[in-house]
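Worksheet: one structure, shown below.
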Amino acid sequence: IIREISPEERDQGQRFKVGEFYARVAAKLRTDDATAERHTRQFFALLGQMVTPGEYEKIEKTLSDDYA
């Protein structure tokens, strides 16, 4: 279950642009940025099928606009 977090909890994570996210995924997977982007897109597509639309919207609201 995906839960909404309080404003106090929201400041505990790191925020960065989507390009940085892909670079971090690439480093973790030990692959290139293009492969990391493809895997990330596949993950979010699968996640969108596994959770309710409302839960997915909650996730989307936590991301910056460049993740769209």
Side-chain angles (χ1 to χ4, degrees):
I1 294 176
I2 298 171
R3 66 177 178 85
E4 188 168 343
I5 59 174
S6 69
E8 297 80 26
E9 291 176 296
R10 289 182 191 142
D11 293 333
Q12 293 181 16
Q14 295 179 351
R15 292 190 62 83
F16 37 84
K17 298 288 185 182
V18 72
E20 173 67 16
F21 183 75
Y22 293 147
R24 289 179 182 219
V25 171
K28 188 74 169 174
L29 297 178
R30 297 182 181 156
T31 191
D32 59 272
D33 287 356
T35 301
E37 179 178 352
R38 188 176 68 252
H39 285 301
T40 301
R41 289 180 181 275
Q42 290 169 341
F43 168 78
F44 276 100
L46 180 61
L47 180 64
Q49 295 173 11
M50 295 176 64
V51 300
T52 67
E55 289 173 324
Y56 197 80
E57 286 177 23
K58 286 180 185 179
I59 294 169
E60 287 180 315
K61 288 180 183 178
T62 67
L63 303 173
S64 62
D65 291 340
D66 64 333
Y67 282 80

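Numbers here are sequence positions counted from 1.
To the nearest 0.5 angstrom, Leu29 atom CG is 13.0 Å from Tyr22 atom OH.
Closest approach of Val51 and Glu55 over heavy atoms only: CB-OE1, 3.3 Å. In terms of heavy atoms, Asp33 sits closest to Ala26 at OD1-CB, 3.4 Å.
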Please table the atom pairs, donor to acceptor, closer than 3.5 Å between any side-chain atom in residues 40-48 and protein atoms at least two apart or in another chain.
residue : atom : partner : partner atom : Å
Thr40   : OG1  : Ala36   : O            : 2.7
Arg41   : NE   : Glu37   : OE2          : 3.0
Arg41   : NH2  : Glu37   : OE2          : 3.1

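Not counting sequence neighbours, Asp65 has no partner by the side chain to side chain contact (heavy atoms under 4.5 Å, CB included) test. With sequence neighbours left out, the side chain to side chain contact (heavy atoms under 4.5 Å, CB included) criterion links Glu60 to Tyr56, Glu57. Evaluation of the side chain to side chain contact (heavy atoms under 4.5 Å, CB included) rule for Thr35 yields Thr31, Asp32, Arg38, His39 as partners, not counting sequence neighbours.
Among pairs with a residue in residues 21-30, those fulfilling salt bridge (Lys or Arg N to Asp or Glu O under 4.0 Å) read Glu20-Arg24, at least two apart in sequence or across chains.
In this structure a side-chain-to-backbone donor-acceptor pair under 3.5 Å is missing from Asp66 to Lys17.
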